[in-house]
Amino acid sequence: MAEPAKNLKNAKTAITPTREENFPEWYQNVIKAADMAENAPVRGCMIIKPYGFSVWENIQKHFDRMIKAEEVQNAYFPLLIPLSYIAREAEHIEGFAKECAVVTHHRLSKNEKGELAADPASILTEPMIIRPTSETIIGESMHNWVQSYRDLPLKLNQWCNVMRWEMRPRVFLRTTEFLWQEGHNAFATAEEADRDARRMLEVYRDFIENYLAVPVIAGSKTPEERFPGAIETYTVEAFMQDGKALQSATSHNLGQTFAKSSDIKYLDKDGTQKLAWTTSWGMSTRTIGGLIMVHGDDDGMIMPPRVAPHQVAILPFVKDDADKANILEFCEKIQKELRSKDISVQTDKSDARSSDKMWAAIKKGVPVRLEVGAREIAEGQLTLTRRDLGKDGKVKVPVAECAAKIAAALEQMQKDLLANARKRLQSQITDVKSLKDVRDYFAAEKQGGLKLDYSLVKGSEEFAAIKQEYAVTTRCLPFEDNGQKVIVAKAY
RNA sequence: CGGAGUGUAGCUCAGCCUGGUAGAGUGCUUGCUUCGGGAGCAAGAGGCCGCGGGUUCGAGUCCCGCCACUCCGACCA
């Protein structure tokens, strides 16, 4: 039996329930309140609305620049992969077989009941799968493109959609179709390939921490958690406010697995044919879910300035219609000024009441709000509020200095979000000494990650039992502990 | 795919047990007063009550079947 509808305006927080009361429901309501995405009428799929998509566009813009600095080139490969391609790599297909969408026909026709259905006569001689990832089809191209050691390294990336028929979808975190980038690199030697896989993980760490303001733990996956076909999977793990981990990006050293199955060979300087070594690395729209669960509060979204759809919301407060033209003109001037300084701005020109304009900007998590009314014009000062500080952090800034002050506020907010999230991350990880500690921790329904000696976990039946019982997994072997320690947590 | 739950106004839900004219809050529209951390009054629009069948004079309500979604697991970027 559900509770009676709550009056939002009487609620203490803009989002109900609060994070404390019901984290999963809070998460969905933040997305709704910020107008970022909604469930599609298609099972397991989401509709990313303009405000949410804008975050993805910013992620693309910045990350694309970063990978191009690594001499990666963008390209595009087909959505459909012939079944025979993916069947070449046994371990790989083993990993993805259960979640593949399969295309078997190329035409619809009316059946005997008069319903539209796949035309039996149009059955494909070879079924296609909708890519769950593109190692196999890109491998086919690499086979053609790599002839000589001079063709290596070859570094390709594509921004695209993929499909994985997951059992339990959640907006942004796990949807049947999702957007991502997948990078595929090929090298002449094993050393170069491993160095590259680690390098690309470092690029992810840099991006996720410095743009998304989400601190991560970088490390290796345990063998059981590796990407199907990889000899090593590197990961950056973030922790959400409810203490669950989120794998935010992965970089795989594929060894010669795919070079063998796609026959990626080159003629080396010594005149012999050699197999190449490949890597692949990906980051998806899931990171947007991470952003929400790391930064959001009980009033809604908080956007890190560097990926915010707009960094500043100008809120014209019109009390007297006679002032309206004047105030809007003033706002227009400020907007122009800020835009000329590369600050993204949106002015709320609606005739909503001032408090409604303010709450809309709060729920969307716009980093800086500028209140502009008759008062500001008279005083020559603007009222500036940082989303993460709230009303107690309101400051007045002289109009002449506003662009500089706002730029500084955005920069500081970006730093503060990361610093605060890092402090929380540290408090969420507890060092423990035994499997009994692990069992006690999760049995007590504590939320967070545990760090312990990997030797205690590896091959342990007791750990397998804990894993089963409490739905926890090994998240990674952090680089900082040289593979000696493992992080254990529940995960999204 | 296992377990639990929910489908009624744009949204959140009540009504179902005990069959009898379709409800509330919020949102929306209009008007007036308001307006700087969720305003007030008044009027108004808005529903194949998830789909199909059955019982009945009569079904949102009872019975059978189906579908969809949400949550908890298993799977996973």
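To find a chain, count down the sequence lines: A is the first, B the second, and so on, and within it residues start at 1.
Residue contacts shown for A:A374 include a base, since a base heavy atom lies under 4.0 Å away. Base engagement by A:I362 is indicated by at least one non-hydrogen atom pair under 4.0 Å involving a base atom. Among the heavy atoms of the strands lying under 4.0 Å from A:R170 are primed sugar atoms or P, OP1, OP2 only; no base atom is included. A:W180 comes within 4.0 angstrom of nothing in the nucleic acid, heavy atoms only. A:D321 comes within contact range of no nucleotide atom at all, as no heavy-atom separation falls under 4.0 Å. A:T287 comes within contact range of no nucleotide atom at all, as no heavy-atom separation falls under 4.0 Å. Heavy atoms of A:K391 sit under 4.0 angstrom from at least one base atom. Contact annotation for A:E469: no contact, since no heavy-atom pair falls under 4.0 Å across all strands. A:T175 comes within 4.0 angstrom of a nucleotide base, judged by non-hydrogen atoms across all strands. Backbone-only engagement by A:E99 is indicated by non-hydrogen atom pairs under 4.0 Å involving sugar-phosphate atoms exclusively. Within the nucleic acid shown, A:G390 comes within 4.0 Å of at least one base atom, counting heavy atoms only. Note on A:Q247: only backbone sugar-phosphate atoms sit closer than 4.0 angstrom, heavy atoms only; bases stay farther off. Nucleic acid contact class of A:L173 (heavy atoms, under 4.0 Å, all strands): base.
Atoms CZ (A:R174) and C1' (B:rC75) sit 8 Å apart, rounded to a whole Å. A straight line from CD of A:E225 to C1' of B:rC75 spans 11 Å, rounded to a whole angstrom. Nucleotide B:rU70 holds its P atom 13 Å from the CD atom of A:E25, rounded to whole Å. As a whole-Å value, the separation of A:R226 CZ from B:rA77 P is 14 Å. Taking atom CE of A:M163 as the reference point, atom C1' of B:rC75 lies 16 Å away to the nearest angstrom. Regarding A:D356, its CG atom lies at a distance of 17 Å from the P atom of B:rU34, rounded to whole Å. Counting to the nearest Å, the C1' atom of B:rA74 and the CH2 atom of A:W165 are 19 Å from each other. In this structure, CE of A:M293 is placed 13 Å from C1' of B:rA77, rounded to the nearest angstrom.
Between A:K319 and A:F227, the one whose closest nucleotide on RNA chain B sits nearer the 5' end is A:K319. Two residues, A:V372 and A:G282, neighbour RNA chain B, and the one matched to the more 5' nucleotide by heavy-atom proximity is A:V372.
Look at the C1' atom in both B:rA59 and B:rU21: the space between them is 14 Å, to the nearest Å. Comparing the same atom, C1', in B:rU55 and in B:rG47 gives a spacing of 26 Å after rounding to whole Å. Across B:rC67 and B:rG52, the matching P atoms stand 15 Å from one another, rounded to whole Å.
Taking the charged nitrogens against the carboxylate oxygens, A:R164 and A:E177 have no contact shorter than 4.0 Å, which rules out a salt bridge. Looking at A:E469 and A:R439, a side-chain N of the basic residue comes within less than 4.0 Å of a carboxylate O on the acidic one, giving a salt bridge.
Comparing B:rA74, B:rG36, B:rU12 by their closest approach to the side chain of A:A471 singles out B:rA74.
Judged by distance alone, the side chain of A:S460 and the main-chain N or O of A:F463 form a donor-acceptor pair under 3.5 Å. A donor-acceptor pair under 3.5 Å is formed between the side chain of A:H92 and the backbone N or O of A:P228.
A donor and an acceptor atom never sit less than 3.5 Å apart when one is taken from the side chain of A:R369 and the other from the base of B:rG36.
Using cut-offs of 30° and 60° on the angle between ring planes, the pair A:F207 and A:Y211 is parallel.
Surrounding NZ of A:K490 are more than 12 heavy atoms belonging to other residues, nucleotides or ligands, all under 6.0 Å away.
Ring centroid separation for the pair A:W159 and A:W56 comes in under the 6.0 Å cut-off.
The shortest distance between the side-chain N/O atoms of A:Q468 and the OP1/OP2 oxygens of B:rG73 is not below 4.0 Å.
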